[in-house]
Amino acid sequence: MKLVITEKNDAAEKIAALLSEAGKPKKDKVYDTPVYRFTREGEEWVTIGLRGHILAPDFPTELKFTDKQGWFAISSEGEVLPADVPDGLPRPPFKKKKPFLEDGVDIKGWKVPSLPYLVWAPVEKLPAEKGIIRSLKNLAKKADSVVIGTDFDREGELIGSDALAQVLEVNPDVPVSRARYSAYTRGEIEHAFANLVELDQNLADAGESRQYIDLIWGAALTRYLTMARFGGFGNVRSAGRVQTPTLALVVERERERMAFVPQDYWVIGGRACEQGADDDASFKISHAKGRFSVEEEANAAYSHVENATSGTVTAVTKRSRTQRPPAPFNTTSLQAAAAAEGLSPARTMRLAESLYMDGLISYPRVDNTVYPPSLDLRATAKMLAGVPQYAPYVAKLTAEPELHATRGKQFDTDHPPIYPTGVGDPSKLQPAEWKLYNLIARRFLATLSDPATIEGTKLAIDVAGEPFVASGDVLKVPGFRAIYPFGLKRDEQLPALAEGDVVDVRDLSLDAKQTEPPARYSQGKLIQEMEKRGLGTKSTRASIIERLYTVKYLKNDPVEPSQLGMAIIDALHTYAPRITTPDMTSELEQDMTKVAEGTDTQDQVVHHSRALLAGMLDALIEHKDDLGEAIADAVTADARVGTCPKCGRDLVVKSSAKTRGSFVGCMGWPDCDVTYPLPSGVRYEAIEGEAGVCPECGAPRIKCKPFRAKAYEICVNPKCPTNYEPDLKVGECKVCAEAGRHGDLIAHKSERSGKRFIRCTNYDECGVSYPLPARGKLTATDETCPECGAPMIIVETARGPWKKCVNMDCPTNERKTPARGRAAAGKASGAKKAATKKATAKKSAAKKTTAKRSSSKKNSSEAGE
DNA sequence: GCAAGGTC
């Protein structure tokens, strides 16, 4: 039996289909791993797909600190210190209990495990995909020969080399060869298997050097930053060859913005229209000078036109321009286009993976922007007629005798650009999935479409002797824009005017403005910038940006660095500058080339890199205290939500170790005891400036951002009148009155839960209490409910005030009562369950159609070749 | 509780 090992299941399936001589390969499973069996030249073949890297590099378990001992910091004297422990908790006696934590203790011949030694620690490769490895070994035992068919690049060679090591463990004498192909076409695959070569161990070693260097630098610097000032569990401060320069890009832009000195300028603008026309038909005009940099000049010009009500058209110029249809999508351009539609790159990749698995789009991790000749463009376009929204456009497009596709700049043959492979149904896909599918499908059709022709018109208008201009665009030939409206600004249309025409002029004004600092990166732009600088790969960039958000180095979109992010970059820039620039990646690339070419060995390159790191770590350890302080200050600044109304110190968001919840507390604790509760399950943000201080009580106002709901602002003080009237009397207790007592009904707010309720002052005797809505200002009335006699109150929310009976069991509350709420919620959850069921049904249905589709595609591509 | 690179 001949065993072919590929990088992914997809490749195993495709290669089996292309090499099989007697019909379709038989899909089988070894344990849980799909494999494909077929015969060729009288021999049994089987292909198996790995899942990328099956081994992961790591330090020996003795160095991993996987038990409770924590990571370690080094004092300036070079002494091994346990991690800082939050005040009040016992300091574990690490040194005594764990002798190997001492300096100079040998483990496997290495001194461990203080930070400087970590730099020199050995690295092992441990199984990461145990299931795949088990299946691989099972097949390898029975193999007469093995072909490594992983991707044709450095990581592919490494993945193949790791797989080979597993194979040789169980079948040491099996002959092994390497197939090198760069497209899943019959010609390419046949050629690769007819010209098998040896695995390139130098290339695999180059890949492994990359793994080791990334791990050693990342682990040492991450542990250092995390321990320089321990911020509690869950507060890792990470660093790495790609993430740190990426963060530096964002910080650099923020520094430019901070250093920016705005310049004053003035503009004169207004609106004009045909004589007597409506405001709706008016268009924008502006002074031909554009920006006045001298105020007096602007004033002078404005004084001429201030009272003008009409102008004369002095010139009309028209110029047509064409707009070329966009290039096919690769991963980066898809991420950028989707980011402009509000999907983060990481989310885009998760959605794309799901669409790919459902058979709706092609493989989403590609650099290529040129469709291969084997892709049947016409058939794909025709398939999209199955989506009703596209059908009319597809009919027109496919009526053309020939289809020409645009070509992008990047041309590889690994995979085709991202294109639709199935018919998407908006009623079956999640809204975000549909959004992405729609973008991809329309982009595909756009790449086959004609250019758009736009006629631009410029008007010169004389207003009281001052020159004004107006411009407008009209889409003359829509071309691709009829199907692809994304990323384009709307045209402003001008009425048909000729030289000498008189127009009405309105709303002229002189506005003082200031030049803007350079804009922050959008997530899409950041992805593109990373690509330009060689940071990360198409498969990793999205997740690296996401990582920078989870460690709280970045916030908001457009991307903004936190104080912590800026402090980290400042510190590393001073003591370990190599990690903060893309240079490390480009130098690593050069080293990898040397290893691949055999002029340097893996050991030499890794050793050299360790030595560089060791020097930088010495400097970092020397300044551990300064750096720890800078980090602590930055974290405080990030957590700051306002000033303490009692003592004037900073109020910050703190997290309670006991409840795992957050609260606002004063930095002056324990001298100052000011604390405020925070709503749970929402993210919060400080509000800058005056708006961040409650005008009623002086406590901070914060912005709350619930998941997938509208953000709102509140004062953090639950007793603040902006939250509710404290202890408001809403009426008298009827039950008590009937019993001959007096009881007042008072509105309260629980400080613990934040919930509001009404309770009788004689609650212990009568037990009367009513729930209240969570938000909204309450006002008492003199009225009692005509149905049940309970007091009426007014609740004022963002939607306006409404009067209601406080008794939730009262028939007048039936429409808005919690009872109805519960019923509705029950129904909603029932609907959700049904939807889930539907989704599951959809998934399996989609899988079926995928299978059908891929087999029909296979047929057509075979027919085409 | 560390990185970045594959892929699911």
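Here the structure is a predicted model, which is why all the values come from computation and not from measurement.
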K.L.:
Do any side-chain nitrogens or oxygens of A:Y363 fall under 4.0 Å of OP1 or OP2 in B:dT7?
P.N.:
yes
K.L.:
Going by the rule side-chain contact (heavy atoms from CB on, under 4.5 Å), which residues pair with A:V635 if we only count those two or more places apart in sequence or in a different chain?
P.N.:
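Partners of A:V635 under the side-chain contact (heavy atoms from CB on, under 4.5 Å) test: A:R237, A:L564, A:I631.
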K.L.:
In chain order, what residues pass the side-chain contact (heavy atoms from CB on, under 4.5 Å) check against A:D583, with sequence neighbours excluded?
P.N.:
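Result, side-chain contact (heavy atoms from CB on, under 4.5 Å) vs A:D583: A:T581, A:S586, A:E587.
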K.L.:
Over how many whole Å does the gap from A:M349 atom CE to B:dA4 atom C1' extend?
P.N.:
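Whole-Å distance recorded here is 16 Å.
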K.L.:
Does A:R180 count as lying over the ring of A:F152, i.e. NZ or CZ under 6.0 Å from the six-ring centre, within 45 degrees of the axis?
P.N.:
no
K.L.:
Check side-chain hydrogen bond (donor to acceptor under 3.5 Å, both in side chains) between A:N368 and all other residues, then give those that pass, not counting sequence neighbours.
P.N.:
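Not a single residue meets the side-chain hydrogen bond (donor to acceptor under 3.5 Å, both in side chains) criterion with A:N368.
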K.L.:
Verify the contact: side-chain N or O of A:R154 to OP1 or OP2 of B:dG6, cut-off strictly under 4.0 Å; return yes or no.
P.N.:
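Checking B:dG6 against A:R154, no side-chain N or O comes under 4.0 Å of OP1 or OP2.
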K.L.:
For A:Q604, enumerate each residue passing the side-chain contact (heavy atoms from CB on, under 4.5 Å) test, keeping only those at least two apart in sequence or located in another chain.
P.N.:
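Per chain and number, A:Q604 pairs via side-chain contact (heavy atoms from CB on, under 4.5 Å) with A:D600, A:T601.
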K.L.:
With sequence neighbours excluded, what pairs up with A:S539 under the side-chain hydrogen bond (donor to acceptor under 3.5 Å, both in side chains) test?
P.N.:
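In terms of side-chain hydrogen bond (donor to acceptor under 3.5 Å, both in side chains), with neighbours along the sequence ignored, A:S539 is linked to no residue.
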K.L.:
Using a 4.0 Å cut-off on heavy atoms, which residues in residues 569-581 of chain A reach DNA chain B? List them by number, or say none.
P.N.:
none
K.L.:
Expressed in angstrom and rounded to an integer, what is the separation of A:L136 atom CG from B:dG6 atom P?
P.N.:
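Result: 20 Å.
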K.L.:
Kindly write out the residues that satisfy side-chain contact (heavy atoms from CB on, under 4.5 Å) with A:Q563, not counting sequence neighbours, or none if the list is empty.
P.N.:
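Only A:M566, A:A634, A:A637, A:D638 meet the side-chain contact (heavy atoms from CB on, under 4.5 Å) criterion with A:Q563.
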K.L.:
What's the closest nucleotide to the side chain of A:Q243 if the choices are B:dA4, B:dG5, B:dT7?
P.N.:
B:dA4
K.L.:
Check the phosphate of B:dA3 against A:Q211, side-chain N and O only, distance under 4.0 Å to OP1 or OP2. Yes or no?
P.N.:
no
K.L.:
Which of residues 538-554 of chain A sit near DNA chain B, with a heavy atom under 4.0 Å from it?
P.N.:
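A:S539, A:T540, A:I544, A:R547 - these, ordered by number, are the residues of the stretch whose heavy atoms sit under 4.0 Å from the strand.
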K.L.:
I want to check one thing: is the phosphate of B:dT7, taken as OP1 and OP2, less than 4.0 Å away from some side-chain N or O of A:R365?
P.N.:
yes
K.L.:
Mind running a 4.0 Å heavy-atom check of residues 3-11 of chain A against DNA chain B and sending the residues that fall below it, in number order?
P.N.:
A:E7, A:K8, A:N9
K.L.:
Before we go on, tell me: are the rings of A:Y356 and A:Y363 under 6.0 Å apart, centre to centre?
P.N.:
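When the ring centroids of A:Y356 and A:Y363 are compared, they turn out to be within the sub-6.0 Å range.
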K.L.:
What's the closest nucleotide to the A:V242 side chain, out of B:dG5, B:dC2, B:dG6?
P.N.:
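Nearest to the side-chain atoms of A:V242, counting from C-beta on, is B:dG5.
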K.L.:
I'd like to check the ring pair (Phe, Tyr, Trp, His ring centres under 6.0 Å) partners of A:Y549; sequence neighbours left out, ordered by chain and number.
P.N.:
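Ring pair (Phe, Tyr, Trp, His ring centres under 6.0 Å) list for A:Y549, sorted by chain: empty.
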K.L.:
Report the nucleotide, chosen from B:dG1, B:dA4, B:dC2, that has the shortest atom-to-atom distance to any side-chain atom of A:R241.
P.N.:
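Looking only at heavy atoms from C-beta outward on A:R241, the closest nucleotide is B:dA4.
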K.L.:
Tell me every residue that passes salt bridge (Lys or Arg N to Asp or Glu O under 4.0 Å) with A:E169, counting only those two or more places apart in sequence or in another chain.
P.N.:
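Result, salt bridge (Lys or Arg N to Asp or Glu O under 4.0 Å) vs A:E169: A:K137.
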K.L.:
ring-ring contact (aromatic ring centres under 6.0 Å, His included): which pairs involve residues 573-592 of chain A, sequence neighbours left out?
P.N.:
A:Y575-A:H623
